[in-house]
Amino acid sequence: MDQVAPVPFSIADFRARAAAQAKLQPGDEFGDHRFNPGHPRLKHIKPLRDAAVLIPVIDHADGATVLLTKRAERLRSHSGQVAFPGGTIDPTDPGPEAAALRETFEEIGLDRDHVEIIGRMPDYISGSGYRIVPVLSVVRPGFSLTLNADEVDGAFEVPLRFLMDPVNHARDSRMWNDLEWFFYEMPYGGQRIWGVTAGIIRTLYERLYA
């Protein structure tokens, strides 16, 4: 008897794609350098600092969504930007998954009992000097969030269907020391998703949905 394919952009479909991409060879390093080959900014980012982010995909019956945060305006770096929950991997963290879960709970109070880790993406090298491990997860609905006002100003959901549609992946740029720096952006619901966060989303699309 033929198996029925999962509904597109459902959690079952996301799980299947995540499992399939885990068997692929990483190939070239992923990161901002793919959009800015040979850029002088990239010569100043070593040694890289290790970080991890959680990609929280929420299991809604009418279609999965991705949970994102808006960093606090008071932060000294990347203030006000849309981001995945996460941060630097501490020496006491058993691994990237533990770091991503810890940082997520510290930032938005998402209890790990609602989070199931299902894998990870290849490391993403950011132009700001981080080697980021994107940790894939499925989030069970019914959770409540407690935002840490020192770190985030808000949290919101974006349909996975929207983020995995390349039509919504625009290219943009800004000047850096009189040189152009390119990145992706994906505006949604009044929020500007861009930079490293959009780069990781683009990588997710290329690995799982392209």
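- Taking OG1 of T146 as the start and CD1 of I108 as the end, the distance is 10.0 Å to the nearest 0.5 Å.
- Counting heavy atoms from C-beta on, the side chains of T104 and F84 never come closer than 4.5 Å.
- Note on E151 versus R71: no salt bridge recorded, every NZ/NE/NH1/NH2 to OD/OE distance being 4.0 Å or above.
- Between L67 and the choices S137, P85, P56, the side-chain contact (heavy atoms from CB on, under 4.5 Å) rule is met once, by P56.
- Applying the ring-ring contact (aromatic ring centres under 6.0 Å, His included) criterion to F105, with sequence neighbours excluded, gives no partner residue.
- Checking side-chain atoms of D93 against main-chain N and O of I89 turns up no donor-acceptor pair under 3.5 Å.
- At a cut-off of 3.5 Å, with distance as the only test, a side-chain donor of Q21 or R207 sits close to an acceptor on the other residue.
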Legend entry - Y124 vs V133, side-chain contact (heavy atoms from CB on, under 4.5 Å): CA-CA, chis, key distance, verdict: CA-CA 6 Å; Y124 188 97; V133 179; over 6 Å; no
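- Remark: R161 is not positioned above the aromatic ring of F9, lacking an NZ or CZ atom under 6.0 angstrom from the ring centre and at most 45 degrees off the axis.
- Between E116 and R15 there is a salt bridge, with a side-chain nitrogen of the basic residue lying less than 4.0 Å from a carboxylate oxygen of the acidic one.
- E157 and H60 are linked by a side-chain donor-acceptor pair at a separation below 3.5 angstrom, with hydrogens and angles left out of the test.
- F162 and Y188 have their aromatic ring centers within a separation under 6.0 angstrom.
- Note that the CG atom of D50 and the CG atom of D123 stand 8.0 Å from one another [nearest 0.5 Å].
- Here the OG1 atom belonging to T203 is positioned 6.0 Å from the CE atom belonging to M121, to the nearest 0.5 angstrom.
- Using a cut-off of 4.0 Å between Lys/Arg side-chain N and Asp/Glu carboxylate O, D113 and R140 are scored as not salt-bridged.
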Inset, instruction - List the steps and the verdict of side-chain contact (heavy atoms from CB on, under 4.5 Å) for Y209 and L163. - result: CA-CA 10 Å; Y209 290 88; L163 294 176; over 6 Å; no
Legend entry - Derivation of the side-chain contact (heavy atoms from CB on, under 4.5 Å) call for I117 and V135: CA-CA 7 Å; I117 302 298; V135 177; 3.6 Å; yes
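- Under the salt bridge (charged side-chain N to carboxylate O under 4.0 Å, His left out) criterion, D59 pairs with no residue at all, not counting sequence neighbours.
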Inset, instruction - Would you check, one step at a time, whether the test side-chain contact (heavy atoms from CB on, under 4.5 Å) holds for F14 with L160? - result: CA-CA 9 Å; F14 176 68; L160 181 64; 4.3 Å; yes
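- Taken from CZ in R171 to CZ in F183, the straight-line distance is 9.5 Å, to the nearest 0.5 Å.
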